[in-house]
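Have a look at this one before I ask anything.
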Amino acid sequence: MSDITVWIIALAFYAPIHYLGPGLVVFLTGEEAPAERQRLLRGIAIDCTLSMVIAFGIAIALFECVPQLAALTFLLAALVPYLHVWLKRRAR
C-alpha cells in the first residue's frame, strides 16, 4: 500500500472522531439561543478543520523519524476544538 493510501485511510477514521465529539458537545449541552449555538457550531467546524489540517501536516513530517510523536500530535489536535468550546462558553 502506498503512503498516500495509508494517510487517506487514517484521515477517514480520524475525521469523524475529530468533528463529532465537539459538535455533539455544543449541540447537546449549553443554554445558548439557537442563533448563538449555530455560530458556535460553525466556529467549531472551522476550528476542527484547521486543527486537523495542521495535525496531519505535522504528523506526516514526524512519522518517518518519531511515529509516537506523530500519534501524540493527533491526540493533542483532537483536544483543541474542546478548548475552543470551553473558552467560548466561559467568555459568555
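Quick caveat: nothing in here was measured; it's all calculated off a predicted structure. Atom set for the values below is all heavy atoms of this structure, side chains included, hydrogens, waters and symmetry mates excluded.
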**OP:** For Gln38, check side chain to side chain donor-acceptor pair (under 3.5 Å) against everything at least two apart and list the hits.
**Re:** none

**OP:** Is it possible for you to say whether Leu79 and Leu83 belong to one hydrophobic cluster, with membership spreading through side-chain heavy-atom contacts below 4.5 Å?
**Re:** no

In residues 59-77, what donor-acceptor pairs under 3.5 Å come from side-chain atoms, sequence neighbours left out?
residue, atom, partner, partner atom, Å
Thr73, OG1, Leu69, O, 2.8

**OP:** Each residue besides Val80 in its hydrophobic cluster should be listed here, by chain and number; the cluster joins Ile, Leu, Val, Met, Phe, Trp and Tyr at side-chain heavy-atom distances under 4.5 Å.
**Re:** none

Side chains of residues 42-54: which donor-acceptor partners sit under 3.5 Å, not counting sequence neighbours?
residue, atom, partner, partner atom, Å
Thr49, OG1, Tyr19, OH, 2.5
Thr49, OG1, Ala45, O, 2.9
Ser51, OG, His18, NE2, 2.8
Ser51, OG, Asp47, O, 3.0
Ser51, OG, Cys48, O, 3.2

Original post:
Mind checking what makes salt bridge (charged side-chain N to carboxylate O under 4.0 Å, His left out) contact with Glu32, not counting sequence neighbours?
Top reply: Arg37, Arg89

Original post:
With sequence neighbours excluded, what pairs up with Tyr82 under the side chain to side chain donor-acceptor pair (under 3.5 Å) test?
Top reply: none

